[in-house]
Amino acid sequence: VLEPHTPVFKKGESGILNITAYGYVNRLEITFPEAIGQMQESEKRTIVYEIPGYMKQEKIPFMIPLISPEGEHTIQIKAYKDNMQLDTAPKLITINVSGSVLNEFRTRLR
């Protein structure tokens with residue numbers, strides 16, 4: 001949705017990483033930065049396709065932790081076919097973290 005520019009997330013927000021792989025890939029490796037990987041099952045996620053297809057699509061949810069540092073974070077995606085990396089330069093997705101969802105909450109004591 002935020003394709004034309006660098007996505008800006010607040011701490012505590014979540015998003016969905018849409019991945020489309022072409023060329024009969026056998027395996028995808030998604031590496032989250034350490035600051036975001038704390039909330040994921042692991043910082044490195046591997047998806048293996050038993051039956052490769054011309055086009056494979058994945059939707060991977062992720063969350064920006066409240067304790068993550070502000071600034072740019074890069075998610076790296078690599079595609080493999082027959083244990084060879086398809087692209088010599090892996091796809092890098094850069095997201096910015098600025099602010100926090102907690103700044104929008106207002107509390108009132110009586």
For [X], give me all partners under side-chain contact (heavy atoms from CB on, under 4.5 Å), at least two apart in sequence or on another chain.
{"X": "I16", "answer": "N18, K59"}
{"X": "S14", "answer": "M63"}
{"X": "E29", "answer": "R27, K44, T46, K78, Y80"}
{"X": "E50", "answer": "V48"}

Can you tell me how far the CG atom of L17 sits from the CD1 atom of I75, to the nearest 0.5 Å?
5.5 Å

What distance separates I19 CD1 from I47 CD1, expressed to the nearest 0.5 Å?
6.0 Å

Could you tell me which non-hydrogen atom of [X] sits nearest to which non-hydrogen atom of [Y], and how far apart they are?
{"X": "I51", "Y": "K56", "result": "O-NZ, 3.2 Å"}
{"X": "P52", "Y": "V25", "result": "CB-O, 3.5 Å"}
{"X": "H73", "Y": "P33", "result": "CB-CG, 3.7 Å"}
{"X": "K81", "Y": "N26", "result": "CA-OD1, 3.7 Å"}

State which residues pass salt bridge (Lys or Arg N to Asp or Glu O under 4.0 Å) with K10; sequence neighbours excluded, sorted by chain then number.
E104

Ring-plane angle category for F62 and F32, please: parallel below 30°, perpendicular beyond 60°, tilted otherwise.
tilted

Can you list everything that forms a side chain to side chain donor-acceptor pair (under 3.5 Å) with E70? Sequence neighbours excluded, please.
none

